[in-house]
Asks: 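Below you'll find the structure I mean.
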Amino acid sequence: MNERERQTPAPAGARAQLRAWVDGGARGNPGPAGFGARIEDFEGHLVREESGFLGVATNNVAEYQGLIAALRAAVEMSAATLEVRADSELMVRQMNGQYRVKNAGLKPLHAEAKSLAARIPRFSIRHVPREENREADRLVNLAIDRGV
């Protein structure tokens, strides 16, 4: 289900310093859903974009799928640092341990995200306003449009 829009692998042996803008959304909740992740170096140059259609899912499931896509890509590229920016306050607070994950459907996604994040030496995630996450949102909408 994951479609790579553009991809530039890190040079062999590189320990990338990456920033990822992640998003997920559903048209209806639940409804047709998709995720997007824009991965950049610290200078803001595009390294990779990930997006995918999820079928019918909730907004929160789609948000976690965007995070997981970014984490998988960072692990594949042997990233030394990954700074994630997301507009889902719930997901960010759950990942930072401020909120417990109560929803049974989110527990396995949270566990997978935590496991992947543990493989990156310096991982952080923070909440940003939706206006700052436009590129990831664009990828979400492209994925949903392709899949519907």
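Values below: every heavy atom of this structure, side chains too, minus hydrogens, waters and symmetry copies.
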Asks: Quick check for you: to the nearest 0.5 Å, what is the distance between E83 atom CD and I125 atom CD1?
Replies: 11.5 Å
Asks: For the residue pair V92 and H127, what are the closest heavy atoms and their distance?
Replies: CG1-N, 3.7 Å
Asks: Does the pair V140 and R27 meet the rule for a side chain to side chain contact (heavy atoms under 4.5 Å, CB included), with working shown?
Replies: CA-CA 11 Å; V140 170; R27 295 184 184 153; over 6 Å; no
Asks: Can you find a heavy atom in the side chain of R72 that is under 4.5 Å from one in the side chain of E50?
Replies: no
Asks: Could you check whether any side-chain heavy atom of V61 comes within less than 4.5 Å of a side-chain heavy atom of L106, counting everything from C-beta outward?
Replies: yes
Asks: Rounded to the nearest 0.5 Å, how far apart are CZ of R119 and CG of L82?
Replies: 13.0 Å
Asks: Which heavy atom in A73 sits nearest to a heavy atom in I39, and how many Å separate them?
Replies: CB-CD1, 3.5 Å
Asks: Do I120 and M77 touch side chain to side chain, with heavy atoms closer than 4.5 Å?
Replies: no
Asks: On a heavy-atom basis, which atom in A117 and which in L71 lie closest, and how many Å separate them?
Replies: CA-CD2, 3.9 Å
Asks: Determine the minimum heavy-atom distance between A26 and A57, stating which atoms define it.
Replies: CB-O, 3.4 Å
Asks: So which pairs with a foot in residues 55-68 pass side-chain hydrogen bond (donor to acceptor under 3.5 Å, both in side chains), sequence neighbours left out?
Replies: Y64-Q94
Asks: Of all residues at least two apart in sequence or in a different chain, which pass the side chain to side chain contact (heavy atoms under 4.5 Å, CB included) check with R134?
Replies: E131
Asks: In the hydrophobic cluster built from side-chain contacts under 4.5 Å, what are the other members alongside W21?
Replies: V128
Asks: Given the rule in the salt bridge (charged side-chain N to carboxylate O under 4.0 Å, His left out) test, do E40 and R85 qualify, once you have shown the distances and angles that lead to the verdict?
Replies: CA-CA 11 Å; E40 305 172 342; R85 307 291 185 255; over 6 Å; no
Asks: Taking atom CG of L18 and atom CZ of F42, what is their separation to the nearest 0.5 Å?
Replies: 7.5 Å
Asks: How close do F35 and G66 get, counting heavy atoms only, and between which atoms?
Replies: CB-N, 3.5 Å
Asks: Hey, could you give me the CZ/OG distance between R38 and S51, rounded to the nearest 0.5 Å?
Replies: 12.5 Å
Asks: Looking at every non-hydrogen atom in both residues, tell me the closest pair between A136 and V22 and how far apart they are.
Replies: CB-C, 3.9 Å
Asks: Of all residues at least two apart in sequence or in a different chain, which pass the side-chain hydrogen bond (donor to acceptor under 3.5 Å, both in side chains) check with R126?
Replies: none
Asks: Members other than V56 in its cluster, when Ile, Leu, Val, Met, Phe, Trp, Tyr link by side-chain heavy atoms under 4.5 Å?
Replies: none
Asks: If you measure from NZ on K114 to CD1 on I68, what distance do you get to the nearest 0.5 Å?
Replies: 12.5 Å
Asks: Taking the side chain as everything from C-beta on, heavy atoms only, tell me whether D23 gets closer than 4.5 Å to L139.
Replies: no
Asks: Just how far is it from atom NZ of K107 to atom CZ of R100, taken to the nearest 0.5 Å?
Replies: 7.5 Å
Asks: N103: which residues meet the side-chain hydrogen bond (donor to acceptor under 3.5 Å, both in side chains) condition with it, sequence neighbours left out?
Replies: none
